[in-house]
2 protein chains.
Amino acid sequence: MTDQADGPAPGRRPTMIDVARVAGVSLKTVSRVANEVPTVRADLAERVRAAMSELGFQRNNVAANLRSGRATATIGLIILDLANPFYSTIAAAAAAVAERFDTQLITASSGWDPARERELVLDLCERRVDGLIIVPTGEDQSYLSTEIGRGTPAVFIDSPPSGCRADTVVLDNRTGTRDLIRRLLAEGHRHIGMITDTLNDFTMRERLAGAREALEEAGVDAGRHAARLYSDHPRSAGDSVGAMLDAPDPPTALFCGNNRILLGAVEELARRRTRLRLAAFDDFEFAPLLPHPVTVVGYDTRALGRLAAEMLFRRLNAPGAEPSNYVIPTYLVDRGTELARE
Amino acid sequence: MTDQADGPAPGRRPTMIDVARVAGVSLKTVSRVANEVPTVRADLAERVRAAMSELGFQRNNVAANLRSGRATATIGLIILDLANPFYSTIAAAAAAVAERFDTQLITASSGWDPARERELVLDLCERRVDGLIIVPTGEDQSYLSTEIGRGTPAVFIDSPPSGCRADTVVLDNRTGTRDLIRRLLAEGHRHIGMITDTLNDFTMRERLAGAREALEEAGVDAGRHAARLYSDHPRSAGDSVGAMLDAPDPPTALFCGNNRILLGAVEELARRRTRLRLAAFDDFEFAPLLPHPVTVVGYDTRALGRLAAEMLFRRLNAPGAEPSNYVIPTYLVDRGTELARE
DNA sequence: TTGAAAGCGCTAACAG
DNA sequence: CTGTTAGCGCTTTCAA
């Protein structure tokens, strides 16, 4: 005796047709019950619900969305590296907003690879996500223009797009760095070493521009403090610090363009048992533990993700508005261990 | 003059039918070109491709999967809190594996809420994800049994499920803690204060069990070192440390059940300018900066996510195998600043 | 209030 | 090699 007559095959997922057969109603009535349409006679609805739980029915949302043309309740988030706390904080904040809108988040890392970024965007569009939040690699995003025009809005975080118009949420890199350098200048420093990452990066260029503003308004020769670029993450920041200190007329203060550079600098200073006026862009959770006092430019990382997601949902509900640009304010904080200060 | 005659409406996304019309071929030929089926005459394929890029066609994968019954190339990851580096590291590792399988990851946080966890599982199943990776809240997961039976496999990370059978990847909490406590005992400590989180948590119970093993085999009275539970994250770990130190016959060493507890303890010791033999479960990126030496139980967090994802994809390709359980090994590391050691 | 028919965008199965 | 027909699981439309 098989159950072919009155039930679905063992492995198959039950469909509304199966439910309808068991409940003795039409497919459409099952659909109405599943969608909580109120105009269904109570006893029928009850029979349908019984059949649903008997079969363990679960609506196939993929199919439902296809016919109705409804949104997929999914947004794509493309960041550079989920393992980096900066980006995972952004992801968490965006996810919290998405949850409020009953939307799921597909998160993917481009790993600073423009080709991968493009692939991801296209893949996500083929999945018909409702919108995209992107931390761009800084290359060309013109391929997004048609997508945006077709109603898949995008919001850019941390850096603006190039080659297409879209909403953006960025840090106030320029003002933050300007205020930081101003403070060093006010303390009397006239020789500030500046260590930055690659200047292909929008944020790094802005930070350097802010530093120059402060130096110029103080009448200090910016050329003398030319940034020493460093190649890659690990030790090279420390090497740059070493080179600066070993040169004639070494700087009395150091500005580090981001927190990884700061860590390299701190290590190098600890190795040399040297103290210097330290300043950096980026606050981070364990900055208070640093064995060296440092003044950092802080900001609300969660706000980046939160505002981007909020802008996206606003745009989903009001398409066609002009792209807007939100700038997250920055502030100065003093960090480093008390132990180390004594 | 409108373009209604030969093109889709302005806002609408072009479908294969539109492409077919423009290219002067049948829908099926377009489908073949889109799927890179080789048996299409070169000139036709070229015309189709031209029409595709003219219209900006993008295949609707949702529809494609519906008919073909193919997998959605999407897996769901349910973690406790994406903002927590432990979980975001797991997510990043799982994402890296998913990428190798051309699969996207929907990541969602349950926030330690069992009801939310259940909602998320059901939502993801309705979206027909190919599989689930779950860091469970420790409550009942029996609702997953039918899903698993129906071919949506699940892998549990960090804690095993209750109420259903599934693959798991967990840390060797017990051995790690046992080895750590053994070391303290070998150093001569006979009074070890133990500060743990809620014992509803599987990992914390296991760690405590490991500690007890070490104490018992050394013939040390475990009761005397009863764990002081602490209520919530912020200061209460520090308060527990304070209470222990102010009691008569205070401990000479401290075991902290996780890294948040360790931070609270370190702060309290710094406040009191007291030094104690410190030990804890969980290594973390900035542990080397701690202003107090500490021996921690380390492990490869990425391995948790990586192995879980690999188990999931293995199961997707070989359904029906018995659930297996993978245990990640642990090791001891000495941390804390050199500065603080001098 | 209920149901039959059509169709979302695509692929499977089969025919030409 | 190409096209036609059917149909995935659901919703929409419209008639009963």
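When reading the values below, keep in mind they use all heavy atoms of this one structure, side chains included, and skip hydrogens, waters and symmetry mates. Convention: sequence-line order gives letters A, B, ...; per-chain numbering from 1. Just so we're clear, the structure is a prediction, and the values are computed from it rather than from any experiment.
- A:Asn65 has its CG atom 15 Å from the C1' atom of C:dC10, to the nearest Å.
- Contact annotation: A:Ser68 side-chain N/O to D:dT11 OP1/OP2 distance is not under 4.0 Å.
- Look at B:Ser26 and you'll find a side-chain N or O under 4.0 angstrom from OP1 or OP2 of D:dG3.
- Proximity of A:Ser31 to the phosphate of D:dT11: a side-chain N or O atom is located under 4.0 Å from OP1 or OP2.
- Rounded to an integer number of Å, the gap from A:Met16 CE to D:dT11 C1' is 9 Å.
- Heavy atoms of A:Arg32 sit under 4.0 angstrom from at least one base atom.
- The CG atom of A:Leu44 sits 12 Å away from the P atom of C:dT1 (whole-angstrom rounding).
- Distance CG (A:Leu55) to C1' (D:dG9): 15 Å, rounded to an integer number of Å.
- Computed from coordinates, the B:Asn60 CG to D:dC8 C1' distance equals 13 Å when rounded to whole Å.
- Across all strands shown, B:Asn35 has heavy atoms under 4.0 Å from sugar-phosphate atoms exclusively, and none from any base.
- Here the side chains of A:Arg59 and A:Asn35 are in contact, with some heavy-atom distance below 4.5 Å.
- Residue contacts shown for B:Val40 are limited to sugar-phosphate atoms, with no base heavy atom under 4.0 Å away.
- A salt bridge links A:Arg13 and B:Glu147; the closest N-O separation between the charged side-chain nitrogens and carboxylate oxygens is under 4.0 Å.
- B:Arg13 contributes no side-chain N or O that forms a donor-acceptor pair with the base of C:dG9 under 3.5 Å.
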